Amino acid sequence: MTNFEAKFRLFAEHCTEDYLIRYANKGLYKRSLKDIEQGVSVQYAWNASSVSCRLSEGTACTLEDRLDQWQCSCPSERICKHVLIAILYYRKEHGGDASAIGTAALEPAEASDPSVRQDASGAQPDGTAFAEKPAEADASSQAPTTASVDGAPASESPVSSGRFQWLLASDLERLIKPYSAAVVEEAMFRLGYPAEIEVIRDPLLLTVRLVSQQVEVSFTEEPDLGKALFKPKQAAGTLAKLEALLRFRKLHGLDDAQALGEKAYEAKFSLQTVRECREMLAGMLRTGLARLPQSFIAQLETLAVAAHSGNLPDIERSLRGIQGELQLFLNRHVRFSMPSLLDRITKLYLALQVLEQQRVSAMLQSQLIGSFRSKYFTVPELHLYGLGADAWETRSGYRGITYYFYGLNDQEVYTYSDVRATYYDSQQFIYTDRYASKIPWLPGVSFREWAGEELQFRNVKVNEERRLSSGEGAKLELLGRKPVEEIRFGERLMQDPAEITREEHATVDLFAAPRERLALVRIARIADQCFHAQTQELHVTVEHESGETLVMVFPYDKDWETAIHRLEKGYGLSKLEHFIAFVRIQGGRMYPISFLKESKVISLKLDVGLGRRGAFARI
């Protein structure tokens, strides 16, 4: 026996049914077995590093001791049945159990599909788990080893040495080089969500199964992501391969944030515009507000236009925000706030200084630059709990309704906004009509119903601010809503009076987008409500379950005049006890959005203000 024949025999023994099916498909594999059963034979001629195979029906092919290198006289551009026949026939004639192979191929797919060989005991209580087991093992080694994807590595690593060590190699930059910045950015985004993976080993493949997506990625011994196999074939293979690799590396304690960030973010901007903006702000601070000419507003507008052209979207927004504050100052408007103006100037100046010095990574520079349009990425699965809806209108001519949901898996608040521009004469946004209109994911379900449901989304698109997209491809299922008292809300959302009333000190956080402060508060009863004519606000005094009193503020607005009057007169409010209020906190004041009790949700502006007279009676 030649040296290569010995190598090929070992290779043929490792060519399990699962391995061959992953490279080809189950139909091709079964047709190859059927041809052998019907009498097709193969003659082998051994070369120094290959074997020439001639099938009895006339086809010739050349094989090596690896399946990604082959040649065949047939016109197929992909792996063909002749290659499979050459391998399977050799196994049959030289020690392979042909009867076992054939029987396995004709059994139902579930019997040989590695995706169902892992039992549910591999899952962690939070639904995030890692399960690792060899594809072929005796009964004593079938118990899976589990560990959190975000936690410590499993006690036994399948790649601590050997052919698959490249999966944990430190040179990730080389592995992800063929991928576009957009694919890497989406993979980074998906890593922020918990996911269960299963690892299945056989002699030639290491398979990572993304459980929630029902996708399997099989890595070969060659350090090349492009040669990894995946199924089902219609899956987004490019992204699946990268995500499987990154989750596997993360499981083993590797932090790839730096390498991924350098690839995903491209910080291209006008450095000259940055310098001009910083010099303008420095001059403004030297001059002072009292001596600032009104023409300075025009300078801000000019620089905002330059920032737009220089690919500096967040700088443009900051300049227009300062412009708006200065306009309020020059008009002696009561809403002008000096702390707000100083906060805007400080944050913008520091951001400009960091960009000008160019000493931070491309990822941090990209966060300072921002983007003109929010990027949405597909999340395989979201389990959400409705918190209510809030209607609003901006001075710039936009109206909308924002719907709030709590992520039961990651304890984050998600939103969906239905928004329209109303500054055109032909455009209208009637809250009653929009609230009663149908959602885009399911026929026959209104936004009013949707706001108070428990939901299961699959393949829904979400952006970095956790806003949901109504784009195509998402699948929605309405679940039975559990009582709110049974939901375990995170400490960050469920707050006590001391947290709500604490003084908020202005902080400058350059590398994080500002987010509204939302909270859930456990209310024992309504103590009092009164309308303050001077401030045009309705104050509702409530008693917290701890016995402390808090004041919820409902600013007057013409659109919500009916709600104000009904709340002021009680409207069943005084009888409401032991419920949870979902509020927005600004400056230590609570602005209520909705009330929740048992399985009911009342959105105050929309449900009370739009005519649902029995709203509070229902909860």
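Computed from heavy atoms alone, side chains included, the values below leave out hydrogens, waters and symmetry copies. What you see is a predicted model, and the numbers here were worked out from it, not measured in a lab.
Under the 3.5 Å distance criterion, the side-chain polar atoms of R466 are left unmatched by any main-chain donor or acceptor of N463.
Cation-pi contact between R190 and Y193: absent, since separation from the ring centre below 6.0 Å together with deviation from the ring axis within 45° is not met.
Checked for salt-bridge contact, R492 and E412 meet the test: a charged N lies under 4.0 Å from a carboxylate O.
Qualifying salt bridge (charged side-chain N to carboxylate O under 4.0 Å, His left out) partners for R458, counting only residues two or more places apart in sequence or in other chains: E381. For S594, the side-chain contact (heavy atoms from CB on, under 4.5 Å) partners two or more places apart in sequence, or in a different chain, are F582, L596, V601, S603.
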Should Y435 and F447 be marked as a ring-ring contact (aromatic ring centres under 6.0 Å, His included) after you check the CA-CA gap, both sets of side-chain angles, and the distance that decides it? CA-CA 5 Å; Y435 194 43; F447 278 105; 8.3 Å; no
Would Q495 and R522 count as a side chain to side chain donor-acceptor pair (under 3.5 Å) here? Give the steps. CA-CA 8 Å; Q495 299 186 13; R522 297 186 184 277; over 6 Å; no
Would you sort out whether H578 and E485 count as a side-chain contact (heavy atoms from CB on, under 4.5 Å), showing the intermediate values? CA-CA 10 Å; H578 302 293; E485 293 81 6; over 6 Å; no
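Between F405 and Y403, the gap from one ring centroid to the other reaches at least 6.0 Å. Between Y385 and Y406, the gap from one ring centroid to the other reaches at least 6.0 Å. Ring centers of W450 and Y416: under 6.0 Å apart, within the cut-off. If you look at F579 and F595, their ring centroids are closer than 6.0 Å.
Counting only N and O atoms by type, the side chains of T302 and Q299 include no donor and acceptor under 3.5 Å apart. Side-chain contact annotation: Y349 with R344, donor-acceptor N/O pair under 3.5 Å absent. Side-chain contact check for S340 and E325: at least one donor-acceptor pair (N or O, by modelled atom type) lies under 3.5 Å. No side-chain donor from either of E537 and H532 sits under 3.5 Å from a side-chain acceptor of the other. Using a 3.5 Å distance cut-off with no hydrogens or angles, the side chains of T415 and T402 do not pair a donor with an acceptor.
Exactly one residue among L387, V379, L382 makes a side chain to side chain contact (heavy atoms under 4.5 Å, CB included) with Y414. That residue is L382.
Side-chain contact check for M552 versus H539: every heavy-atom pair is 4.5 Å or farther apart. Between K600 and V484, the closest side-chain pair of non-hydrogen atoms is not below 4.5 Å. Side chains of I322 and L281 form a contact here, defined as non-hydrogen atoms less than 4.5 Å apart.
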